[in-house]
Amino acid sequence: MIRLARLLRRHPLMSLGFAAALLAFAVSAFVLLTQPPPWHRDGPPPPLAGWMTPKFILHAYDLPPDRLGDALGLEPGTRPRQTLNQIARSQGVPVATLIARVAALVQETHPPPPGQPPAAPP
Amino acid sequence: MTDWILALVPVYGAALLAVVTFLSCMALPVPSSLLLLTAGAFIATGDLTAPAVVGAAWGGAVAGDQAGFWLGRLAGTPLRNRLSRRAETAAILQRAEQRLHRSADAAVFLSRWLFSALGPYINLIAGATRLPHGRFLLVSAIGEAVWVAGYTGAGYVFSDQIEALARSASALGGALAAGVLVLVLGRLLWRALQEERDS
């Protein structure tokens with residue numbers, strides 16, 4: 001114990017670094033154990049959000065492309081790589097409006113099995 | 001909270017990835033892993049193209065490593081010159097550098113992708129201790145290729161799960177980097193303790 005105290009006094013920086021590293025290890029290990037990575041590729045898609053592009057939504061939610069284009073008010077052949085945020089801005093509507101329209105299309109295309117409440121809106 | 005960061009990826013694409021990987025190799029706190037995963041997802045959807053994104057991210061990372069290396073070399077030179085002036089300290093310096101250089105390839109390679117939180121500091125140390133430049137460039141370029149390919153690949157495959165994956169990846173990266181530090185510092189402290197006992 002005395003030797004340990006002397007070590008702490010002789011090498012304060014190294015001891016502090018060791019303690020900090022041990023703490024960081026414990027915290028990240030805890031996060032990892034309580035929120036394990038999703039090792040399945042067919043989990044539920046992420047909630048609809050403004051950063052998504054139409055192609056991302058098609059990919060994640062498996063929707064008919066022409067119906068999604070209608071819901072978002074996109075002309076066929078519109079500039080690709082636009083996010084919902086950008087589309088909303090160019091149309092002068094709140095992004096929440098577009099998200100609500102896509103959510104309605106998702107409900108219609110993939111209705112929840114009977115007896116289950118409909119998914120909460122994002 | 002991360003929404004606005006994710007929204008930058010389809011808009012700025014490869015250029016954004018190059019800047020972000022460069023900055024992350026200079027130890028700046030940018031969410032490079034999350035953005036690489038997101039870029040992988042947008043490759044899967046067809047919004048971005050793989051060669052441009054992977055090439056830009058890799059180029060940015062290799063350039064960031066080079067910047068760190070030369071910064072370390074520049075900053076380390078005055079100290080090195082002072083230590084080299086006396087024969088006694090010059091010998092110690094030379095021995096220390098030789099020992100570091102022996103395990104340098106593994107340290108550089110693994111700190112690109114497995115213990116990536118340590119990467120920026122390894123760059124500075126490599127430069128300051130005069131690791132041969134060609135050797136550093138080659139090993140860091142291979143390591144960064146593993147990092148970029150690994151993360152964009154994971155984003156491509158698990159494109160619906162990028163946010164959860166990014167959380168786990170940063171926790172895993174943090175745990176690994178902290179684990180390595182615990183081992184290295186623990187060993188040094190243990191040795192110091194042994195010397196204390198012997199004296």
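The basis for the numbers below is simple: all heavy atoms, side chains too, and nothing from hydrogens, waters or symmetry mates. Throughout, a chain's letter reflects where its sequence line sits, starting with A, and its residues are numbered from 1.
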A.B. asks: Under a 4.5 Å heavy-atom cut-off, does chain A meet the side chain of B:Ile162, its backbone, both or neither?
C.D. replies: side chain
A.B. asks: Under a 4.5 Å heavy-atom cut-off, does chain A meet the side chain of B:Ala169, its backbone, both or neither?
C.D. replies: neither
A.B. asks: Side-chain contact, heavy-atom cut-off 4.5 Å: B:Arg167 with A:Val31?
C.D. replies: no
A.B. asks: Heavy-atom count check: over 12 atoms from other residues, nucleotides or ligands less than 6.0 Å from B:Glu88 CD?
C.D. replies: no
A.B. asks: How long is the gap from CG on B:Asp3 to CG on A:Asn85, to the nearest 0.5 Å?
C.D. replies: 8.0 Å
A.B. asks: Which heavy atom of B:Ala178 sits nearest a heavy atom of A:Phe25, and at what distance?
C.D. replies: CB-N, 3.5 Å
A.B. asks: Only heavy atoms, only distances under 4.5 angstrom. Which residues in residues 57-64 of chain A are near chain B?
C.D. replies: A:His59, A:Ala60
A.B. asks: B:Val184, B:Leu181, B:Val9, B:Val182: which one forms the most heavy-atom pairs within less than 4.5 Å of chain A?
C.D. replies: B:Val182
A.B. asks: With rounding to the nearest 0.5 angstrom, report the CG to CE distance, B:Asp47 to A:Met52.
C.D. replies: 12.0 Å
A.B. asks: Taking all heavy atoms of A:Leu32 and all of B:Ser168, pick out the closest pair and write down the distance.
C.D. replies: CD1-O, 3.4 Å
A.B. asks: Going hydrophobic residue to hydrophobic residue with side-chain gaps under 4.5 angstrom, can you get from B:Val148 over to B:Trp113?
C.D. replies: yes
A.B. asks: In Å, rounded to the nearest 0.5 Å, how long is the span from NZ of A:Lys55 to CG of B:Leu48?
C.D. replies: 9.5 Å
A.B. asks: Where does the angle between the aromatic ring planes of A:Phe56 and B:Phe42 fall among parallel (under 30°), tilted (30 to 60°) and perpendicular (over 60°)?
C.D. replies: tilted
A.B. asks: If we only count heavy atoms from C-beta on, is the B:Val11 to A:Gln86 side-chain gap below 4.5 Å?
C.D. replies: yes
A.B. asks: So for atom CD, which belongs to A:Gln91, do other residues, nucleotides or ligands contribute more than 12 heavy atoms lying within a distance under 6.0 Å?
C.D. replies: yes
A.B. asks: Are any of the side-chain heavy atoms of A:Ser28 and B:Leu172 separated by less than 4.5 Å?
C.D. replies: no
A.B. asks: Please classify the contact of A:Thr53 with chain B as side chain, backbone, both or neither, using a heavy-atom distance under 4.5 Å.
C.D. replies: both
A.B. asks: For a quick test of reading the model, state the closest non-hydrogen atom pair linking B:Glu163 to A:Trp51 and the distance between them.
C.D. replies: OE1-CZ2, 4.4 Å
A.B. asks: Is there a path of hydrophobic side-chain contacts, each under 4.5 Å between heavy atoms of I, L, V, M, F, W or Y residues, that connects B:Leu36 with B:Val157?
C.D. replies: yes
A.B. asks: Once salt bridge (Lys or Arg N to Asp or Glu O under 4.0 Å) is applied, do any residues pair with A:Glu108, and if so which ones, sequence neighbours excluded?
C.D. replies: A:Arg67
A.B. asks: For atom CZ of B:Arg82, is the number of surrounding heavy atoms from other residues, nucleotides or ligands below 6.0 Å larger than 12?
C.D. replies: no
A.B. asks: What ring-ring contact (aromatic ring centres under 6.0 Å, His included) pairs are there with at least one residue in residues 67-93 of chain B, not counting sequence neighbours?
C.D. replies: B:Phe69-B:His133, B:Phe69-B:Phe136, B:Trp70-B:His133
A.B. asks: Count I, L, V, M, F, W, Y as connected when their side-chain heavy atoms are under 4.5 Å apart, and connections chain through other members. Are A:Leu13 and B:Ile125 then in the same cluster?
C.D. replies: no
A.B. asks: Can you confirm whether A:His11 sits close enough to B:Leu188 that some side-chain heavy atom of one is under 4.5 Å from a side-chain heavy atom of the other?
C.D. replies: no
A.B. asks: Which atoms form the tightest heavy-atom contact between B:Ala7 and A:Thr83, and what is the distance?
C.D. replies: O-CG2, 3.8 Å
A.B. asks: Considering only distance and modelled atom types, tabulate donor-acceptor pairs under 3.5 Å from the side chains of residues 13-21 of chain B, sequence neighbours left out.
C.D. replies:
from    : atom 1 : to      : atom 2 : distance (Å)
B:Thr21 : OG1    : B:Leu17 : O      : 3.0
B:Thr21 : OG1    : B:Ala18 : O      : 3.2
B:Thr21 : OG1    : B:Ala57 : O      : 2.9
B:Thr21 : OG1    : B:Ala61 : N      : 3.3

A.B. asks: Is B:Leu100 reachable from B:Leu71 through a run of I, L, V, M, F, W or Y residues, each pair having side-chain heavy atoms under 4.5 Å apart?
C.D. replies: no
A.B. asks: Report yes or no: do B:Tyr121 and B:Leu183 belong to one cluster of Ile/Leu/Val/Met/Phe/Trp/Tyr joined by side chain heavy-atom distances under 4.5 Å?
C.D. replies: no
